[in-house]
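First up is the structure itself, then whatever we jot down about it.
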Amino acid sequence: MGETPARWTRATVYPDMWADPADDPRNSEGVSPDGELETLQDYLTSYRFTLRMKCEGLDAEQLARRSVPPSTMSLLGLIRHLAEVERDWRNWISGADSVPKLYGPGDADFDGAVAGQDEVDAAYADLAREQASTDDALAGHDLGERLGQAGIAVRELNVHRAEEYARHCGHADLLRECIDGRVGQ
């Protein structure tokens, strides 16, 4: 696996941060959102930004690197996985036939995450498209409303979405630190 990279951060104001507050797109000065739905959406947006931030500045080989053996996780695999789960969530709330998997059965989202700029570009495009589709599918529904054949509450799905991104942002922290030593929340 090679030499362990030295730990570093781009932040100069707070050494435990990923970026200085003025450079952090998640930084939201002022009043926090009003309402439960707005708060859930704010957290989800922040975690989505965090994942992208943890991946920025890396090349295709670094994004595809499985840097915490024996895990098959990579940053590129996480991007692909989250695109896949966004699609799965729409299947949960849809009354129609399921949309097929993006990458294939099992762990194909991780296993197929191979170094190549075309793969990276496709994964980012898949993630953006699937996020927008899920957001659109949930727009206009009340948090207490139950959707799909299983009757999942919109509130439960939104909490689960934030939780899924938060968990994988933790994975991304470890993966990134092992790749080039960059740390920060």
Side-chain angles (χ1 to χ4, degrees), residues 9-14 16-58 62-63 73-94 99 101-103 109-110 113 120-148 152-177 179 182-185:
T9 180
R10 193 163 284 147
T12 60
V13 177
Y14 302 108
D16 64 334
M17 299 298 288
W18 183 261
D20 286 328
D23 300 327
D24 192 336
R26 303 165 300 175
N27 189 16
S28 55
E29 296 293 325
V31 180
S32 61
D34 286 328
E36 185 179 0
L37 176 60
E38 293 80 5
T39 300
L40 289 168
Q41 289 171 332
D42 188 58
Y43 271 87
L44 179 60
T45 298
S46 179
Y47 286 126
R48 285 174 171 175
F49 268 121
T50 299
L51 179 69
R52 291 187 73 90
M53 291 169 69
K54 297 297 176 170
C55 296
E56 71 186 12
L58 298 177
Q62 290 170 311
L63 288 169
M73 269 192 201
S74 66
L75 291 168
L76 180 57
L78 286 176
I79 295 166
R80 289 166 48 103
H81 172 71
L82 288 164
E84 193 76 78
V85 296
E86 289 279 359
R87 181 172 277 214
D88 286 345
W89 290 328
R90 280 197 321 285
N91 283 334
W92 293 2
I93 62 173
S94 173
V99 180
K101 292 211 164 269
L102 282 171
Y103 305 111
D109 41 1
F110 288 106
V120 171
D121 294 343
Y124 276 118
D126 290 343
L127 181 60
R129 182 190 62 246
E130 297 301 322
Q131 287 172 337
S133 293
T134 304
D135 291 346
D136 288 347
L138 288 169
H141 290 286
D142 185 68
L143 286 174
E145 193 173 343
R146 295 192 171 273
L147 304 173
I152 188 168
V154 172
R155 175 180 290 104
E156 179 183 355
L157 181 55
N158 277 313
V159 169
H160 184 65
R161 291 170 79 198
E163 177 273 333
E164 182 85 6
Y165 277 88
R167 183 164 40 96
H168 288 313
C169 283
H171 295 134
D173 282 338
L174 297 173
L175 292 165
R176 179 65 188 253
E177 185 175 355
I179 292 167
R182 188 162 180 195
V183 297
Q185 56 192 32

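It should be emphasised that the depicted structure is a prediction, and the values quoted were computed from it without experimental measurement.
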Salt bridge check, [Y] against [X]: does any charged N sit closer than 4.0 Å to a carboxylate O?
{"X": "Arg182", "Y": "Glu177", "value": "no"}
{"X": "Glu86", "Y": "Arg161", "value": "yes"}
{"X": "Arg10", "Y": "Asp20", "value": "no"}

Would you say that [X] contacts [Y] through its side chain, given a criterion of any heavy-atom pair below 4.5 Å between the two side chains?
{"X": "Leu63", "Y": "Ser74", "value": "no"}
{"X": "Pro25", "Y": "Met53", "value": "yes"}
{"X": "Trp18", "Y": "Asp24", "value": "no"}
{"X": "Leu157", "Y": "Leu147", "value": "no"}
{"X": "Asp109", "Y": "Leu102", "value": "no"}
{"X": "Arg48", "Y": "Arg52", "value": "no"}
{"X": "Leu75", "Y": "Leu58", "value": "yes"}
{"X": "Tyr165", "Y": "Gln131", "value": "yes"}

Hey, does the side chain of [X] reach the backbone of [Y] with a donor-acceptor pair shorter than 3.5 angstrom?
{"X": "Glu145", "Y": "Val154", "value": "no"}
{"X": "Ser46", "Y": "Asp42", "value": "no"}
{"X": "Glu130", "Y": "Val85", "value": "no"}

Donor-acceptor pair between His160 and Glu156 side chains, under 3.5 angstrom
no

So, His81 versus Glu164: side-chain donor-acceptor pair below 3.5 Å or not?
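The answer is yes; a qualifying pair exists.
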
Distance-minimising heavy-atom pair for Ile79 and Ala123
CG2-O, 3.6 Å

Cys169 and Tyr47: which non-hydrogen atoms are nearest, and at how many Å?
SG-O, 3.3 Å

Is the positively charged end of Arg80 above the ring of Phe110, judged by distance under 6.0 angstrom from the centroid and angle within 45° of the axis?
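The answer is no, since Arg80 fails at least one limit relative to Phe110.
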
Under the side chain to side chain contact (heavy atoms under 4.5 Å, CB included) test, which residues partner Asp121, sequence neighbours left out?
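Testing Asp121 for side chain to side chain contact (heavy atoms under 4.5 Å, CB included), a comparison that skips the adjacent residues, returns Gln117.
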
Could you please spell out the steps behind the side chain to side chain contact (heavy atoms under 4.5 Å, CB included) verdict for Leu51 and His168?
CA-CA 8 Å; Leu51 179 69; His168 288 313; 5.5 Å; no

